[in-house]
Amino acid sequence: MNIEKQLIEGIQAAFQQHYQHQLSEDEISLQPTRKDFTGSHTFVTFPFARITRQSPPQTAETIGNYLRENAEIVKDFNVVKGFLNIELSDVVWVNTLKSILQDYQSDKLYGFQPDNGQQVMIEFSSPNTNKPLHLGHLRNNFLGYAMSQILAANGYTVRKVNIVNDRGIHICKSMLAYQKFGNVETPESAGIKGDHLVGKYYVEFDKHYKAEISELVEQGMGEEQAKKEAPLIKEAQQMLKQWEQGDAETVALWKKMNGWVYEGFDATYQKIGVSFDQIYYESDTYVLGKDIVEEGLEKGVFYRKDDGSVWIDLSDEGLDEKLVLRADGTSVYMTQDLGTAELRYQDWSFNRLVYVVGNEQNYHFKVLFSILKKLGRPYANGLYHLSYGMVDLPTGKMKSREGTVVDADDLIDEVISEARKKTEALGKIDELTENQAEELFQMLGLGAIKYFLLKVDPKKRMLFNPEESVQLQGDTAPFIQYTHARISAILQKAKLENTDNQLFESIGTIETSEQEVVELLTAFPQKIQLAGSEYSPSVISQYVFDLAKAYNRFYTEVPIFAEEAKEKVAFRVGLSFAVAQTIRTGLGLLGIQAPEQM
RNA sequence: GGUCCCAUAGCUCAACUGGAUAGAGCAACUGCCUUCUAAGCAGUAGGUUCCAGGUUCGAGUCCUGGUGGGAUCACCA
C-alpha cells in the first residue's frame, strides 16, 4: 500500500538483479523531487557508485528501467546527473486520495497515531502573580498548547500543567504598594482587570523605590548600597518574612490580590483558548525538595560545606558547582524544582516531562536534569526542556520595568479589531448575524497572532513586528482560513448537486496541480511525527501554509463543476474535502480554528 | 573571561537533518474578477548563505580558526 515502501522494495530488487547486491531498507532514502523536474520521488545514486561500479547516471538509468518494467506504480522516470526522478502512475494518486478519504470518513483521524501507552506531562505558561501576561507569555502559551495537541496526535496521553509563581519578594512589592497607595481600590471600583490592577501597583512600587534610591545616592550613598538600604525594599522584605510566618493580615491581603490576578488570568486564558489539567502553586511547592537534599547527601551526590550549605559538583560534565540548599536551611530555586519534579511524578507517573521555558534558563535545566540523573530517578531520562527564544520588538528588547512590554490583553484586542476592520472593508459579513461576525473576528484575529508566533522555529529568537502580526495576507492564518472557507463553499455546492458522495475510479490523467496537492496530503502524517519529535509546531504551520498554497493554485487552474467527466468532478470534490479536513486538523493542532465562511 | 545559542534576498522567515539551479511571505513592479469567495492566482526583480581554511562525488548544513550579536555563569525566581 505504502508508496515509499513499494519503491524501496523495487530498488532493492533492482540492485539484486543487476548488481547482485543486497541493500538494506535504511540504506535507501527517497526524497521529494524538486519542483523543476518531473516526478514525485527521487532516488540519489551517488553513494552507490562503489557497489554498482558504474557512473551515477548509468546506475540511475539501470534502476529506472528496472522500475518501469517491474514496479506497477512507476509510470516513467528521468535521470539528471545521478538523480533518478520517478514518476508514478495516475492510478496511484487516485488510490492514495481514496485511502486518505477513508481515514477521514471513519473515526480514525488521518495522520494521527494510535495510543502508544505513554504519558507525557507538559508544563507551560508559569506566570508570576505580580503583573499581567505579556507577549513573551503568549509565545510560551501558544507553544505549550500546540505541543500538547501535537503530542496527543502522536499517540501520547497528555497532561497540561501550569505552575503559578504566587509568592516571593516581587509579589510583596505589589502588595506593599497597594497597602501604601491603594486607597482600598478594587478591580470593580477601578474598572480594571484584576491582573492589570495588581500590575499597576508593581509599577507603582518601582517608581517610589527608584525615587528613594536616587535620594540616597544624592546623599552620598553608593548605588548598590542604596538599592539594599532603601526603606521600601526593606519593608517588602519584612513583608515576605511576615508572609512566611503566616501573619494573618499579610496572608489575607496576599489572598485577596492573588484572587484578583487569577480572575484576570482566567479571562485571558479563556480568550486565547488555553486550559490546564492541573495547576501547581509555588506557595505549596517552595518548601519541597529538602528530603531530596537529605537523600542526595546520604548517597554522596551532594556535599555539605562548613557553613552548612549543600552543593553538588558537576564540573565533570562541564558545569559548575551548584548550590542546592542555603546555609540557613532554606531552599533555592533548584531545591524547589527537584521537589516539584518528584511531586509531579508521584501525582501522575509520566514517561516524559516537558518544560516549556525560555532559553535564558538553559543552564538551570541542564543542571536540574543532571542532578536527577545522578540521583537515579526513574523518570530522569524522560525530561525535556523545550527551550524557546526571546521575542524582540522593533524598538529592541522588552523590559517590564521600563514599560516597553507588549501587553497580552491589549495585543489580542488589537488583532481582533484589526480583523473586524479589514473584514468590514471587504464587505464580507453582510450575510452573518452579529454573533457570527463577532465569532469570525475572534477566529481571524487570534488565528493571526497564534500563527505569527508559532510559525518560527521555537528555538530561534524572533522579531515581533506589530504591523505584520495583524496582516491577513500571505503567510498568515487568515490566508489559510480563507482557503478553508472557500472549500467549504465548494463542498456545500457539491452537496446540493449531489456530487459529493460519488465514487471515482481511474480518471485518466490528473493535472500537475492536483498531483501536488495529493502529494502534500500524503506528507501530513510524517509532518505530525516530525513536529512531535522535534518539539516544533512550526513544522505544522509551514505545512498547512504549503497545502493551502498548493490548493489555491489548483483552485484557480482547474475547474471543478464545469468539468464534464463525472469521475473527475468527484475526484476534485474529494480532493477538496481532504484538504479542508487536513487544514482544519492542522490548524487545530496549533489551537487555531477554521471558519466555514469568511 | 568560561560555557551555550544565533548569523541565509531591503525586511521577517524556510531549506525534508550532507543532495540538483538556496525557497516562501512582506515591500516594489506587470498582468488576471461575466466562470466554484481576488483575504486569491500568474509573473518580473532581488543572494559571495558573516569571513578564512578543511573534510568528499557533493557543504547554508559537518570540523577548525576568526568577526559580529545574544543568553548564562546569584545563598533571585
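We name chains A, B, ... by the order of the sequence lines, and we start the count at 1 in each one.
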Tell me whether the OP1 or OP2 atom of [N] has a side-chain N or O from [X] closer than 4.0 Å.
{"X": "A/Y482", "N": "B/A39", "value": "yes"}
{"X": "A/R553", "N": "B/A42", "value": "yes"}
{"X": "A/K460", "N": "B/A7", "value": "yes"}
{"X": "A/R34", "N": "B/G23", "value": "yes"}

Under the criteria of a ring-centre distance below 5.5 Å and an interplanar angle below 30°, is A/F479 stacked with the base of B/A39?
no

Between atom CG in A/L30 and atom P in B/A20, what is the gap in whole Å?
16 Å

From CG of A/L368 across to P of B/A77 the rounded distance in Å is 15 Å

Students often get this wrong, so: under 4.0 angstrom with heavy atoms, is [X] touching a base, only sugar-phosphate, or nothing?
{"X": "A/K422", "answer": "nothing"}
{"X": "A/F37", "answer": "base"}
{"X": "A/I487", "answer": "nothing"}
{"X": "A/V310", "answer": "nothing"}

Do A/S538 and B/A14 have a side chain to base donor-acceptor pair shorter than 3.5 Å?
no

